[in-house]
Each structure stands twice: as structure tokens, then as C-alpha cells.
Amino acid sequence: MNVARLVGTVCGIGYLRPAPGTWGSLAALPLAWAMHELGGFPLLALVTLIVFAAGIWATREMTAGQENHDPSEIVVDEVAGQLIAVWAISFPAWTHGIEITQLWPGWIAGFVLFRLFDISKPGPVGWADRRSDAIGVMLDDVIAGIFAAIGVTLLAGVAHGVLGL
């Protein structure tokens, strides 16, 4: 297995069935926790950017000369998107000195919302997916991750009364 395939499939996780994208999203969660524990939100954000860039490269390499621009075994895009969804709990935990595992409802909401947006591809998520190139493969999950992070933030605001509802 070459380096691009290792990166694109996240060390072979993309070959797990059924639902390789869900497996890729699940794989991102312990990575997010470890990065947050090692360096807080700044390290998690940096690693997310590295995963995004590496994902574009790996996707280009894996799909060169193929009609299918987004084979199901490529799950590095799900990892990047799921990491962004976790930003919604990493940043407040880091800024307020809260143990990130105490925010467990945010982990669940972030995972569920990210998968929902990634699968249903509303609005800009679908637009990015239709680009039919490596950037589109990565970008649809980034946008889904942003939507999930916004959803987690809104749910936290409702749950904690921050929004005044």
C-alpha cells in the first residue's frame, strides 16, 4: 500500500464495510481527543489543516486517471470534516479550562450532525460534492463539518440557556 492510499483510506479504515464514511468519522474522534489533550484547540486546528491538505493530495493521487472522483474507500475527507465538527467543543473547553470529555453531549451531537450533513448534502455541501475533483471531495466534508459545529454550538446554547430561549 503506497503513502497516498494510506492517507486516503486512513490506514485502511476506508476498506471497512458497511458505511466506510461512518468508520472514518469514528476514527477522527480519538484523534481529536488526543490532539486536544496534547495541545488544546490550536493543535487540533493545525492537525485539521494538515489532514485537509494531505487529503487533497491523497485523493488526487488515488483518483488520477479514474472516472470515479470519490471512491468510497477514501475517508480522509470524513476525518477532516469530523475534526471541524469537534472544534465546537474543543475551543470552549480549551478557553474555559474544561475537561473536553465532560462535554460528551457535544461529541455525540457533532458526530450525528456531521454524518447527517455529509450524507444528505444540503446546499453548499452538495455544491462542493458536485465539483468532481479532489478539492470537492474534501470541501463537501469541510462544509458539513462547519454546519455540524454550528449545530453543536446552537444546541449547547439551547441546553445551557445561553441563547435566552
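- Under the 4.5 Å side-chain criterion, counting only non-hydrogen atoms from C-beta, Tyr15 is not in contact with Pro20.
- Separation of atoms OG1 (Thr59) and CD1 (Ile135) is listed at 10.5 Å; rounding is to 0.5 Å.
- For the pair Val79 and Gly24, the tightest heavy-atom approach, listed with the atom from each and the gap, is CG2-O, 3.4 Å.
- In this structure, the side-chain hydrogen bond (donor to acceptor under 3.5 Å, both in side chains) partners of Arg17, at least two apart in sequence or on a different chain, are Ser72.
- Between Ala85 and Gly110, the closest heavy-atom pair is CB-O, 3.9 Å.
- Atom CD of residue Glu67 and atom OG of residue Ser132 lie 11.0 Å apart, to the nearest 0.5 angstrom.
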Under 3.5 Å, which donor-acceptor pairs link side chains of residues 32-40 to any protein atom two or more places apart or in another chain?
from, atom 1, to, atom 2, distance (Å)
His36, ND1, Ser90, OG, 2.7

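- Taking hydrophobic clusters as Ile, Leu, Val, Met, Phe, Trp and Tyr residues chained together by side-chain heavy-atom distances below 4.5 Å, Val76 does not share a cluster with Ile119.
- Residues meeting the side-chain hydrogen bond (donor to acceptor under 3.5 Å, both in side chains) test with Asp140, sequence neighbours left out: Lys121.
- Cluster annotation: Phe114 is not connected to Leu26 through the hydrophobic network of ILVMFWY side chains, with a link wherever side-chain heavy atoms come within less than 4.5 Å.
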Problem set entry | Residues Trp87, Thr48; criterion side chain to side chain donor-acceptor pair (under 3.5 Å); working and verdict | CA-CA 10 Å; Trp87 287 11; Thr48 304; 3.2 Å; yes
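- Side-chain N or O atoms of Gln102 include none that pairs as donor or acceptor with a backbone N or O of Ile98 at under 3.5 Å.
- Between Leu49 and Phe52, every side-chain heavy-atom pair lies at or beyond the 4.5 Å cut-off.
- The minimum heavy-atom distance linking Gly8 with Ala58 is given by the pair N-CB, 3.7 Å.
- Between Met62 and the options Ile74, Val137, Val7, a side-chain contact (heavy atoms from CB on, under 4.5 Å) holds for only Ile74.
- The same ILVMFWY cluster, assembled from side-chain heavy atoms under 4.5 Å apart, contains both Ile108 and Ile89.
- When the ring-ring contact (aromatic ring centres under 6.0 Å, His included) test is applied to Phe147, the partners found at least two apart in sequence or on another chain are Phe117.
- When every heavy atom of Ala4 is checked against every heavy atom of Glu61, the shortest pair comes out as CB-CB, 3.5 Å.
- Side chain of Arg130 to main chain of Gly126: a donor-acceptor pair is present (N/O by atom type, distance under 3.5 Å, no hydrogens or angles).
- Leu6 places none of its side-chain heavy atoms less than 4.5 Å from the side chain of Asn2.
- Between Trp127 and Leu139, the closest side-chain pair of non-hydrogen atoms falls below 4.5 Å.
- For Trp107, the CH2 atom is densely surrounded, since the number of other residues' heavy atoms within 6.0 Å is greater than 12.
- Pairing each heavy atom of Leu83 with each of Ala28, the nearest pair is CD2-O, 3.6 Å.
- For residues 69-94, the set of pairs meeting the salt bridge (charged side-chain N to carboxylate O under 4.0 Å, His left out) definition, not counting sequence neighbours, is empty.
- Not a single donor-acceptor pair under 3.5 Å links the side chain of Trp94 to the backbone N or O of Ile100.
- Of all heavy-atom pairs between Thr63 and Pro71, the closest is CG2-CD, 3.6 Å.
- Taking 4.5 Å as the limit, every side-chain heavy atom of Asp118 sits out of range of all side-chain heavy atoms of Gln82.
- The closest side-chain heavy-atom distance from Phe41 to Thr95 is not below 4.5 Å.
- For the side-chain hydrogen bond (donor to acceptor under 3.5 Å, both in side chains) test, residues two or more places apart in sequence or in another chain that qualify with Thr22 are Arg115.
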